[in-house]
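Beneath this line is the structure, given in structure tokens, with notes to follow.
Order of the sequence lines fixes the chain letters, A, B, ..., with proteins taken first and strands second; residue numbering starts at 1 for each chain.
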Amino acid sequence: MKTRASAPLKRHGTLSRAAVYSAPPSAPPAKPALTRNPSLFPHRTLFWLTVFLCVMSLVFLFSVNIGEVLKPNATQTSLFHLFRLAIMQALWVGVGFVAMALMAAIPPRFWQQSAWVWMALCVGVLALIQFTPLGHAFNGAERWIRVPVPVLGAITIQPSEAFKLASLFWFCALYALPERRRWTRGAYLLLAVWLFGVILVERQPDLGTAMLIFALGVGVAFLGGASLAKLGLLLATSVLGIAALIITPLIKSHLSGEPLDAHKTSYRVQRIMAMLDPWSDEQGFGYQMVHAQLAVGSGGLTGVGLGMGREKRYLPAAESDYIFATIAEEAGFLGGIIAISLLGGVVYACFHLAMRARTRFGRLFAGGLALWIALSAGINLGMALGLLPTVGIPLPFLSAGGSALVSLMAALGVAQSIAREA
Amino acid sequence: MRQPPSQISRISKEERWRLQVAGGLCALGGVALAARLFQLQIVQGAELRELAARRRLRRRPILARRGAILDRWNRPLARSIYQYHLALDPTSVRNPDQFLELVRTHLKIDPRPLEQAIREAQAQGRRYLRFATFVPPHRAEPFLKAYRAIPIREKPAIINKEVIPAREYPNSRLAPQVLGLVQLEEDPDEGNRLVPVGGIEKSMEARLRGVNGIEEGEGAPGGLIIPETLRARTLPVDGKPVRLTLDAAIQEAAEQALDALWQKHRPAGALALVLDARTGEILALANRPTFDLVTREGLKGQMEALRNRAISFLYEPGSTLKPLIMAIALADAQVRLTSRFHCKGSMPIGKRRIRCVVHGKGRGHGIQTPEEALLNSCNVAMAQIGMRAGLEWLYSALQRLHLLEPTGVELPAEESGYTTPPDEVRWGRDLREANLAFGQGVQVTPLALAAAYTVLANEGQYRRPHILYENAQREAPIPVIEPLYARAVVAALVRAVEEGTGKKARLDGYWVAGKTGTAQKAIPGRGYASGKYIASFIGIVPADRPRAIIMVLADEPRNGYYGGEVAAPVFRQIAQFLMWHWKVPPNRAPQSSRTPQRPVYEEFTITGGIG
């Protein structure tokens, strides 16, 4: 795994298929030359980081679950409900590892070739959620598909998480093409489909995820060598567009005289206002931020101890978006740094892999995956630490939520298969 | 779009630097987050931790039990119970039929409006619905037991059982003005409490109330405090019981006797008061109009029903004052038992005339002894005593009878009797002297007047009235007159019942001493209201060995207005009950309704050399 590329690969430019498969006469001819390390998870570091993070997630979800059962207005206090979050997450972790193994077993080339199919499929499903009664609404947002499961009750699946992975695939595939063959008519068409998908996500409404997917596309384009001027222009316009999107309800309510709350997406501007001064709207939009900061601050250097956190009982979404608040409270500054380091380690490993990967698709994918994890983690942590407004982006690996975990682990599976070729 | 397969290529310089830029930015972000984490946890950590801890604190009051109010035999008149407000989580209701059936059978609540309310709450997504209020423990306990028996998936979650302190009354119509009303004051911080509105509840509030305890810590489901987080805890101190001198049985009899008067004569107000003749303890105190302490029936827009007339009703006692003035006059030798008064039916004083009401114009009572003057309730004779003794003497007599001061009974808002002091009287001294002697121009409360009768019943010693048992035991008698004169007046009052105006107060088997009063109602500053009377009767029973002083008063009665007609039958009913209740041996043969012969009561005639 650590050995450098062998002689035929040192040449620049593309190789013919024959050249790729031609091996020195001493080597056994049956083995394809691309595979350097035949194990299922060749990137050990990445694999073990994933395992650590999943275990950490189970520990803290169980802890949050204790708080859930002890909430002042808790109604479900049976033994199953004490373990519900951890059991569910353990199941998802199992599914995630299976997905990771599956993806690791499939050569990246397959994804490179079929990327556009998956991307279009995801957009189709998103459209179904939006325009048919298939979608399941919760807390005013229609983001989920509900699947009834006998023992556990209904499971909800969030297709926008799969859309992240599919977008990554497609952008990597696109930018893996040589520049002159990149922007065909078909590519523009697919770009339009992708943009439609992003808009659908935004309309759910889930601006956070939409922005993340968009940023992922832009990030891969940057890694893929898009001109900086164009990217800058694109970024500037999109920032303006998003700002307009956020501020529209404010203007509308000013013009019509209706209260701000009457608009479906007014929460965005209110959350931003709450971010700037959470203590002024402590019982309203600032509530989560205030309690997250109180939780983090309560942790101190070594934390209050596992399971001993208090603020989780007052913090909505403590198991998903705000899991880090509990980690920081119970494990303290040291625990928080460990969590950040583990995530940083994954990101670093992905960048490292990107540097070493032998195909352009592999480099782009590994770099894109690093950006995905770094962006999600950064936004989520920034929110938990009171630096960014509340957005519904889970902390990779650590937040409860099956769709995000499975799609992320699937992506890591792809990274493993890339590592096999590196 | 067909894509070529992955092609092996070396990383270009551009790819490398772009990756490095991206990685560098990520690292920068990571460092920024770590710095922010350091700031929140290490720099501001202590401050935020304290802030968070303070914000999580919940105060949970632990209710103190309000002390009971007991009668003289320690039977409860009012005691504390806890009631409950029950709340459920509407979103947890799936199949409410069984639950609603429980609510119907155990809590006696109509399930249909409740079902409707649950539906509405579900539609609004509310998670808290109070479905039963003021549930008494005898309903709440079987209900909760049956509720616990339902399997957990089939019942709504009851999420709150709020404790409401309440008063329970074995008989909620018994002496409500004495006990006083309590009102619930809901206070989630300091604890729900009962606020007294009047009566003993108010005057003894400090002893009855108790002190609520407080638990301070972090909240847990069901409004509890997590034990490990307990910061402070003070235990509640229950209120202490108050023992009254009332006797529930006598009170009941008084209430019943008053009911008859209330229905027959429909007065504006009425009162029955029973004092222990030997100690001045209040044994019963019934008021009309009245109300129900639990249902509050009778209270709607009727603040009169809250009024305790025994201490708040100032009136001119009229004839009922005469025996008291006579007793003091005898003791002070202003009058002798051998004195004689001449009544011509009226008597001129200055430009006015005072009259004897009983016989009207022309014919008077003729020549009378002091005893006969009381028997006939002769205004002229009393006026002569008053004018002979003078205003200063009359004033001091009223003072010695404790009529011009509050009695100090343990009830709130007691009025004080009043008459113009002699040094402030500018004109009409004669008229005032005459009037005061037969009970006009002075205002007293019924309780003060009844208490003054202890002087007659108790061998000339005044007993201050009490309603608090312990105070009654502590009180020493105050000698006012020689026993002899008290006995003489009682003897005259026996005759007044046997021969005079109080015939309807006579009892089989017992001697009764009593005086009727039919006073015109005074309007402050404007003389007397025509046709408005206060009918009263005050009596001592049994007269030969006094046990009780019973006073009955009716304010503006209809269908008759004489004290002997309106109040005396009520007196008789209560007195009869008392004799039976106390098992007092009768010492007199049953009488026919005819007037008895004079020798029958010779034991009351005064013998000996009083001249």
Query raised in the report: Does R313(A) reach the side chain of E218(B), with side-chain heavy atoms less than 4.5 Å apart?
Result: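 Yes; the side chains approach each other to less than 4.5 Å.
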Report task. Could you tell me whether a side-chain N or O of R18(B) sits under 3.5 Å from a main-chain N or O of F222(A), the two making a donor and an acceptor? Result ->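 Answer holds: yes.
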Check whether [X] gets within reach of chain A through its side chain, its backbone, both or neither, counting any heavy atom under 4.5 Å.
{"X": "Q20(B)", "result": "both"}
{"X": "Y128(B)", "result": "neither"}
{"X": "V21(B)", "result": "side chain"}
{"X": "Q44(B)", "result": "neither"}
{"X": "L33(B)", "result": "both"}

Requested in this report: Identify which of G299(A), A370(A), A328(A), G219(A) forms the greatest number of heavy-atom pairs closer than 4.5 Å to chain B.
Outcome: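 Sorted descending by pairs with chain B, the first entry is A328(A).
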Query raised in the report: Is the NZ or CZ atom of R56(B) positioned over Y314(A)'s six-membered ring, under 6.0 angstrom from the centre and within 45° of the axis?
Result: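 No.
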Using a cut-off of under 4.5 Å on heavy-atom pairs, state which of [options] scores highest against chain A.
{"options": "A34(B), G29(B), A53(B)", "value": "A34(B)"}
{"options": "R55(B), E15(B), Q41(B), E50(B)", "value": "Q41(B)"}
{"options": "A32(B), A22(B), G45(B)", "value": "A22(B)"}

**Report entry** Residues, nucleotides or ligands: over 12 heavy atoms within 6.0 Å of E179(A) CD
**Finding:**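 Open.
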Query raised in the report: Is the count of non-hydrogen atoms from other residues, nucleotides or ligands lying under 6.0 Å from Y175(A) atom OH greater than 12?
Result: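 Yes, enclosed.
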Can you tell me how far [atom2] of [Y] sits from [atom1] of [X], rounded to the nearest 0.5 angstrom?
{"X": "L19(B)", "Y": "H352(A)", "atom1": "CG", "atom2": "NE2", "answer": "11.5 Å"}
{"X": "F38(B)", "Y": "L385(A)", "atom1": "CZ", "atom2": "CG", "answer": "14.0 Å"}
{"X": "E329(A)", "Y": "L48(B)", "atom1": "CD", "atom2": "CG", "answer": "11.0 Å"}
{"X": "L51(B)", "Y": "L294(A)", "atom1": "CG", "atom2": "CG", "answer": "5.5 Å"}

Query raised in the report: In terms of side-chain heavy atoms, does R363(A) have a donor or acceptor partner in S9(B) at a distance below 3.5 Å?
Result: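 Short answer, yes.
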Query raised in the report: Checking A176(A) against chain B: side chain, backbone, both or neither under 4.5 Å from a heavy atom?
Result: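 Nothing of A176(A), per the 4.5 Å heavy-atom cut-off to chain B.
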Requested in this report: Let me know if L223(A) has heavy atoms under 4.5 Å from chain B in its side chain, its backbone, both or neither.
Outcome: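 Interface part for L223(A): both.
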Report task. Kindly give the heavy-atom pair with the smallest separation between A354(A) and I11(B), and that separation in Å. Result ->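 Shortest heavy-atom separation between A354(A) and I11(B) comes out as O-CD1, 4.1 Å.
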Query raised in the report: How would you list, in number order, the residues of residues 337-344 of chain A that have a heavy atom less than 4.5 Å from chain B?
Result: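 The stretch touches chain B at I337(A), I340(A).
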Requested in this report: Quick one: do F351(A) and C26(B) satisfy side-chain contact (heavy atoms from CB on, under 4.5 Å)? Show the steps, please.
Outcome: CA-CA 10 Å; F351(A) 273 125; C26(B) 290; 3.8 Å; yes
Query - Derivation of the side-chain contact (heavy atoms from CB on, under 4.5 Å) call for L37(B) and F324(A) - result: CA-CA 11 Å; L37(B) 193 65; F324(A) 186 74; 3.8 Å; yes
Report task. Please lay out, stage by stage, how L40(B) and F333(A) fare under the test side-chain contact (heavy atoms from CB on, under 4.5 Å). Result -> CA-CA 9 Å; L40(B) 280 179; F333(A) 182 66; over 6 Å; no
